[in-house]
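Reviewing the structure listed below.
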Amino acid sequence: MLSRRDMAVMAAGALASAAPSFRAEAKGLGVEVGLRGTIGTYERLPQLRVESELDYYMSYRTWARNDIWRRAARRATQLFEEKGLNPRENDIPVREVVQMLEHDPVLAMMVHTRETTQQIMYRRLQETFHADGERLLDEMERAERMGPGTIELHPDMHIPDFARYEIHLQPGGYVGDPFAGHIFYHSLNVEVPHGNYQDDAQGRAARRVPAPADGKVRRILDQGCSSGQLVVALKRKWPDAEVWGNDIGAPMLRFAHQRSVELGLETHFMHELSEESRFPDEHFDIVTNWLLFHEVPESSGRAIIHESFRLLRPGGVWFPMDNYTAQLPKNSAYEKFFWWFDHRWNHEVWTFEYRKLALDFENEMRRAGFEVAYGPSYGGMNTNIMGIKPA
């Protein structure tokens with residue numbers, strides 16, 4: 001468990017601001033739901049002015065996506081055509097694509113509007129939560145002493161280097177800030193406008209997760225669950241099931257558990273690597289994950305596939321949801337540039353390794369022992385591959 005001293009050290013230099021003194025209680029459970037309560041399932045930020053700032057960043061990013069980003073795509077097409085190249089061909093090497101586009105002012109503006117909004121947003125969120133750090137730490141600690149649900153933390157566990165990267169530019173990443181879960185949860189609305197306001201995206205994902213052919217769903221695992229929103233959505237879909245989430249980021253799990261307690265949901269969280277699970281063989285009926293594979297090295301991705309097979313009971317279903325797990329598209333030259341700057345400037349460290357794994361996803365599943373099938377697609381991105389453990 002993080003100590004007050006740990007929190008104070010990590011919060012050094014953060015800007016502090018006065019906070020209201022009133023508190024709200026969560027559905028009679030005795031756990032605070034933030035100084036300003038909730039709207040539906042959405043836990044509000046401690047201060048209205050911070051909430052308003054994030055609304056502005058979200059609106060700015062939405063405008064940029066619909067205007068500047070589209071202009072950048074048209075500009076890229078123009079630059080390729082001026083050199084007699086077909087921008088829809090995918091055989092132009094990434095290095096050549098980058099050399100042609102990275103210094104163009106329109107393309108630079110596109111990158112700038114995307115990355116700067118994230119940097120400002122993350123800094124504002126980090127400052128906000130560290131300024132209210134004592135109360136938030138107390139809130140998480142109280143939730144850990146009560147149910148419904150459980151959390152198992154392993155503070156002495158080795159954190160591999162790949163898990164320490166600041167993915168998406170999130171300061172401290174998923175393991176290096178005691179409020180990483182709070183920051184991640186509130187950042188999604190800016191990164192993906194209204195993407196988690198009422199767990200909307202995770203609810204859509206959960207609706208696509210298929211049950212085993214025999215219909216028996218007793219235990220479910222969400223691998224790399226981050227702030228636990230898909231865990232919540234899966235519990236609502238299968239209320240009688242024992243639903244678990246695991247993650248290497250203890251701060252993510254602490255927030256996820258606290259939020260589940262506030263919602264009155266019996267969910268469970270395990271601090272571990274998805275490729276090195278503590279669960280016994282054949283323990284789950286369903287194992288799933290959402291946007292996990294592109295954020296781990298290729299070697300970890302392959303290990304997760306094999307570990308998932310071990311964890312499933314005969315007839316169980318493994319349903320991974322990430323970009324193009326079923327079939328990698330033939331990207332245009334501009335899309336290659338987009339992948340590159342996402343890797344270079346947005347700290348998507350494993351983007352290119354994931355593309356290599358995606359090309360071999362089906363074969364790796366067969367090597368693990370899965371029967372490969374196809375279920376409902378998520379987001380129209382060829383994410384409908386699924387593994388069935390032979391009975």
Side-chain angles (χ1 to χ4, degrees), residues 10 45 50 53-62 64-65 68-69 110-130 159-197 199-202 205 222-230 245 247-253 255-256 274 289-297 300-301 321-324 335 337-355 379 381 383:
M10 299 183 74
L45 284 155
V50 179
E53 284 182 39
L54 260 67
D55 283 343
Y56 169 76
Y57 301 146
M58 179 192 68
S59 299
Y60 176 79
R61 192 177 173 93
T62 301
R65 184 190 302 272
I68 296 176
W69 296 8
M110 183 271 291
V111 175
H112 177 77
T113 57
R114 175 171 173 164
E115 303 313 308
T116 302
T117 52
Q118 285 186 208
Q119 290 172 320
I120 296 171
M121 167 198 69
Y122 281 131
R123 179 181 176 183
R124 193 71 184 95
L125 286 171
Q126 189 177 47
E127 291 170 349
T128 298
F129 293 125
H130 277 273
I159 306 297
D161 289 341
F162 78 80
R164 299 178 185 274
Y165 280 94
E166 295 184 333
I167 302 293
H168 305 154
L169 305 178
Q170 180 170 329
Y174 301 160
V175 301
D177 188 291
F179 308 115
H182 298 74
I183 294 169
F184 180 86
Y185 173 81
H186 285 283
S187 72
L188 285 181
N189 266 357
V190 176
E191 290 197 48
V192 183
H194 297 296
N196 80 323
Y197 183 63
D199 296 345
D200 310 283
Q202 294 82 4
D222 174 26
Q223 299 168 313
C225 68
S226 64
S227 57
Q229 290 159 278
L230 181 57
D247 203 281
I248 191 61
M252 304 286 262
L253 296 177
F255 174 82
S274 294
N289 52 69
W290 188 58
L291 301 178
L292 169 65
F293 277 89
H294 75 277
E295 293 190 353
V296 298
S300 294
M321 292 178 280
D322 208 327
N323 299 329
Y324 313 116
E335 287 169 332
F337 176 77
F338 201 93
W339 279 75
W340 173 82
F341 93 72
D342 201 35
H343 166 80
R344 172 64 180 83
W345 298 109
N346 197 37
H347 286 203
E348 287 287 10
V349 183
W350 314 111
T351 292
F352 292 102
E353 288 197 23
Y354 172 65
R355 288 169 66 82
M381 296 186 296
T383 59

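All residue numbers refer to positions in the sequence shown, counting from 1.
- Between the side chains of His130 and Asp177, at least one donor-acceptor pair of N or O atoms lies under 3.5 Å.
- In this structure the side chain of Trp350 never reaches within 4.5 angstrom of the side chain of His294, judged on heavy atoms.
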Candidate pair Cys225 and Leu230, rule side-chain contact (heavy atoms from CB on, under 4.5 Å), full reasoning
CA-CA 7 Å; Cys225 68; Leu230 181 57; over 6 Å; no

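- With sequence neighbours excluded, the residues forming a side chain to side chain contact (heavy atoms under 4.5 Å, CB included) with His168 are Gln118, Tyr122, Tyr174, Glu191, Glu295, Asn346, Glu348, listed by chain and number.
- Ring geometry for Phe179 versus Phe129: interplanar angle of 30 to 60°, hence tilted.
- Minimum heavy-atom separation, Asp247 to Ser226: OD2-N, 2.9 Å.
- By the 4.5 Å heavy-atom criterion applied to side chains, Trp345 and Leu169 are not counted as neighbours.
- Taking every heavy atom of both residues into account, Ala180 and Gly173 meet most closely at CB-O, 3.6 Å.
- To the nearest 0.5 angstrom, Arg123 atom CZ is 11.0 Å from Thr128 atom OG1.
- A 4.5 Å side-chain heavy-atom check between Val50 and Arg124 finds at least one atom pair inside the cut-off.
- A side-chain donor-acceptor contact under 3.5 Å links Glu166 to the backbone of Gly172.
- Atoms OG and CZ, on Ser300 and Phe293 in that order, are 10.0 Å from each other to the nearest 0.5 Å.
- The CG atom of Asp55 sits 8.0 Å away from the CG atom of Asn189 when rounded to the nearest 0.5 Å.
- Atom OG1 of Thr351 sits about 6.5 Å away from atom CH2 of Trp339, to the nearest 0.5 Å.
- Using cut-offs of 30° and 60° on the angle between ring planes, the pair His343 and Phe352 is perpendicular.
- Note that CD of Gln126 is 5.0 Å distant from CD1 of Ile183, once rounded to the nearest 0.5 Å.
- Val175 and Gly249 get closest at one heavy-atom pair: CG1-CA, 3.8 Å.
- Tyr185 contributes no side-chain N or O that, together with a main-chain N or O of Gly228, makes up a donor-acceptor pair within less than 3.5 Å.
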Hey, mind stepping through Gln229 and Leu188 against side-chain contact (heavy atoms from CB on, under 4.5 Å) and telling me if it holds?
CA-CA 11 Å; Gln229 290 159 278; Leu188 285 181; 3.7 Å; yes

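- Note that CG of Asp199 and OG of Ser227 are 8.0 Å apart. Values are rounded to the nearest 0.5 Å.
- Ring geometry, Phe341 versus Phe337: the interplanar angle falls from 30° to 60°, so the pair is classed tilted.
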side-chain contact (heavy atoms from CB on, under 4.5 Å) between His347 and Asp342, worked out:
CA-CA 7 Å; His347 286 203; Asp342 201 35; over 6 Å; no

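- Looking at Arg164, its side chain does come within 3.5 Å of a backbone N or O of Ile159 through a donor-acceptor pair.
- Between Asn289 and Asp222 the shortest heavy-atom distance is CA-OD1, 3.6 Å.
- Residues Phe162 and Tyr165 keep their aromatic ring centres 6.0 Å or farther apart.
- For Arg61 (side chain) and Thr117 (main-chain N/O), no donor-acceptor pair under 3.5 Å exists by modelled atom type.
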Could you please spell out the steps behind the side-chain contact (heavy atoms from CB on, under 4.5 Å) verdict for Leu125 and Leu54?
CA-CA 9 Å; Leu125 286 171; Leu54 260 67; 3.8 Å; yes

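- Side-chain contact annotation: Thr113 with Trp69, donor-acceptor N/O pair under 3.5 Å present.
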